[in-house]
Amino acid sequence: MEFYSNKINKLIEYLSGLPGIGSKSAQRLAFHILNMPEDDVKELAGALYEAKKSVRLCRECFTLTDEEICPICSNPKRSKRIIMVVETTRDLAAYEKIGKYEGVYHVLGGAISPQDGIGPADIRLKELMERLEGDVEEVIIATNSSLQGETTAMYISRLIKPAGIKVSRIASGVPVGGDLENIDEVTLSRALEGRREL
Ligand code: ZN
């Protein structure tokens, strides 16, 4: 794109590095931004920076939030006796969207993946075990149905079962290798309802 000036090229380059944004979309966005009133551009830039600066991990469930304790963990209506284990904040959001789950979550921050050098110590398993020292009735393992997700589910169930806590796995019906966030709400809702005890 040598016909654009350096600064425009730089903007297009940044935008095309975002997920789902190809070079055509990046150009469209870049020119949209350049045509925006200066104050709006300042606000957009400020919103990006503020979000990045203030977002942190919830002290209890490790989801991304801008409070010390996220809105789910601080909601007195949510049962802390049921913990759903998910890989990422986006997976948590997928379950929240169906609006049927009344427990809390535990965000692992990934899945065990020996081929990528990610072992049990690299995800938040120690933190999960610490939470289980409290009054917990059931742990629902909702890691993805990818090889890594299944490996992680097996590992967690072996880790927890000796503690005498009920461990269940969300039902199949979630396509193998499928990212939870791309699955429709009905499928996800069925997967949750049809969970089986491990
Ligand atoms: Zn939380």
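Each ligand, and each atom within it, is numbered from 1 in the order the structure gives. FYI, the numbering just counts along the sequence from 1.
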Exercise for the section: Kindly determine whether Thr63 and Thr89 satisfy side chain to side chain donor-acceptor pair (under 3.5 Å), including the steps that lead there. Expected result: CA-CA 5 Å; Thr63 194; Thr89 293; 3.0 Å; yes
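Note on the Zn ion (ligand 1): protein N, O or S atoms under 2.8 Å away count 4, no waters included.
A salt bridge links Glu50 with Lys53: the closest approach of a Lys/Arg side-chain nitrogen to an acidic carboxylate oxygen falls below 4.0 angstrom. For the pair Arg169 and Glu150, the salt-bridge criterion is met [side-chain N within less than 4.0 Å of a carboxylate O].
The residue from Arg195, Lys80, Arg81 that alone fulfils the salt bridge (Lys or Arg N to Asp or Glu O under 4.0 Å) condition with Glu138 is Arg195. Across Glu68, Glu127, Arg124, a single residue satisfies side chain to side chain contact (heavy atoms under 4.5 Å, CB included) together with Leu57, and that is Arg124.
Between the side chain of Asn35 and the main chain of Phe31, a donor-acceptor pair closer than 3.5 Å is present.
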